[in-house]
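Everything quoted here is computed from the prediction, not taken from an experiment.
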Amino acid sequence: MTSDMLSPEEYLTRVLAALTPLDPVEVPLERAHGLVLAEDVRSAVPVPPWTNSAMDGYAVRAADVAGAHTAAVTLPVAGDVPAGAAPGPLAAGTAQRIMTGAMLPEGADAVVRVEDTDQPPGAGPLPERVEVRTAVAPGTNVRRAGEDVAVGDLVLRAGTVLKATAVSAAASVGRSAVRAVPRPRVGVVVTGAELADAGRGLATGTIPDSNSLLLAGLVAEHGARLTSVARSVDTPAALADTLRAAAVDADLIITSGGVSVGAFDPFTALAGARGQVNGPSGNRIELATVKVAMQPGKPQGYGAVRTRDGRRVPVIGLPGNPVSVLVSFTTIVAPALARLSGHETGAGLDASGGIGMPTTMARAAVGWRGPLGRRQHVPVRFVAPPEPLPAGAVPEAVWVAPSHRLGSGSHLVASLPAAQALAVVEADVDAVAVGDPVRLLALSAPSGPVQYSIR
């Protein structure tokens with residue numbers, strides 16, 4: 001790595017240092033899925049809230065059917081107890097037909113399964129009598145009130161990701177809303193005078209704008225909320241105006257393009273105007289560009305826009321080539337969104353190649369070259385083992401190959417749908433040989449296996 005380049009970890013640390021989780025808000029449970037809980041949740045009601053039946057069958061007093069272990073016992077059926085009903089008390093020497101989840105009648109202490117009686121399962125008229133063919137002990141097929149959770153018990157801790165099971169648990173203990181970190185609001189700004197609307201006829205020198213759609217999709221796949229997508233021409237003033245507009249209702253702005261050293265790179269030019277009160281950035285935009293020891297994605301940018309109401313909205317500037325956008329989003333923007341969303345990311349800031357993201361291992365089914373001095377991220381797909389197998393390898397290992405024959409070229413956007421992961425090659429490796437271990441970084445919606453070990 002040359003001295004003028006930051007390591008990926010150094011750059012990510014710099015980006016994350018300016019970010020803190022968003023302020024928690026009260027969120028109805030129906031909108032809480034995927035958010036990070038900002039409070040402990042304790043039970044407001046016992047679970048179950050009342051003693052109920054664990055089976056379809058007949059509520060009884062266990063003492064009344066104790067003789068059924070030697071001969072069937074016949075009891076009169078005093079009534080039905082469907083789920084949701086409040087039953088009357090059970091008189092001694094009688095039974096009540098009861099459904100799963102229905103409240104156990106006062107006086108009953110057990111439930112005989114319908115399969116252990118002479119009555120058929122399913123819908124049917126209430127029988128006058130039931131023949132019980134199995135003795136039951138008190139408590140058989142009964143769920144006691146509060147046996148899962150008592151009032152005041154801790155059910156969910158602050159910091160819990162509200163998956164479907166957690167949202168369900170919160171509802172089960174009497175909550176209709178929780179305090180959680182909201183989804184980050186993200187504005188996308190793409191730069192480039194050469195960009196044209198997708199599907200339109202291309203004038204000389206123009207290309208379809210794929211980055212706006214790529215970034216919008218990645219934002220959604222990472223659980224954030226897209227608030228705007230805008231395109232800016234290649235002037236500092238135009239980019240400054242676009243950034244100010246995007247910041248109005250955003251918690252983070254992601255840009256693509258204009259971060260390198262070209263004569264018309266607007267992000268770089270705007271960063272160079274920093275501190276010029278009368279310049280295009282004024283005193284509300286502060287940007288910087290850096291070189292990061294990664295391939296693709298060496299030129300990067302970051303900074304902030306200050307809104308009129310005083311909010312500081314961070315900006316992460318990505319390169320303009322689509323593969324660079326995907327790699328940079330996965331390694332830089334995804335951890336930033338995780339921090340804003342309340343997820344922990346600091347533990348992943350090491351040299352593992354994952355840059356704060358979980359990684360796993362595979363083997364290279366083909367060889368390829370790497371840029372010595374920069375960490376390489378190659379879009380790869382899962383493939384069959386090579387023939388013949390390299391010495392020491394087994395067919396059961398997971399094997400990968402670049403999703404395009406040109407490897408990690410930053411412009412290879414049409415091959416990206418074939419990519420199932422990013423293979424990470426460290427900066428001190430200039431070539432990957434067949435059979436070499438490579439670390440895999442999962443994409444936001446992987447289409448292949450992600451849990452396995454190297455062999």
Under a 3.5 Å distance rule, please check whether [X] uses its side chain to pair with a backbone N or O of [Y] as donor and acceptor.
X      : Y      : value
Tyr11  : Gly301 : yes
Arg225 : Arg185 : no
Gln376 : Val425 : no
Thr227 : Val186 : yes
Thr268 : Ser260 : yes
Thr160 : Leu162 : no

Any [X] side-chain heavy atom under 4.5 Å of [Y] side chain:
X      : Y      : answer
Pro46  : Val151 : yes
Met99  : Ser53  : no
Arg308 : Arg244 : no
Glu9   : Arg375 : yes
Pro379 : Val323 : yes
Arg14  : Val290 : yes
Pro402 : Val366 : yes
Leu29  : Val178 : yes

Of the non-hydrogen atoms in [X] and [Y], which two are nearest, and what is the gap between them?
X      : Y      : value
Thr330 : Leu326 : OG1-O, 2.8 Å
Ala177 : Glu26  : CB-OE2, 3.7 Å
Ile285 : Leu287 : CG2-CG, 3.7 Å
Ser232 : Thr242 : CB-OG1, 3.7 Å
Pro371 : Gln295 : CG-CB, 3.5 Å
Ala166 : Leu156 : O-CD1, 3.5 Å

Enter the distance from [X]:[atom1] to [Y]:[atom2] here, rounded to the nearest 0.5 Å.
X      : Y      : atom1 : atom2 : value
Trp368 : Asp436 : CH2   : CG    : 8.5 Å
Ser172 : Asp148 : OG    : CG    : 7.0 Å
Leu441 : Thr360 : CG    : OG1   : 11.0 Å
Leu337 : Leu252 : CG    : CG    : 6.0 Å
Phe267 : Thr255 : CZ    : OG1   : 5.0 Å
Leu35  : Ser341 : CG    : OG    : 8.0 Å

What side-chain hydrogen bond (donor to acceptor under 3.5 Å, both in side chains) pairs are there with at least one residue in residues 33-52, not counting sequence neighbours? Glu39-Arg175, Asn52-Arg143

Using 4.0 Å as the upper bound for N to carboxylate O, is an ion pair formed by Glu286 and Arg312? no

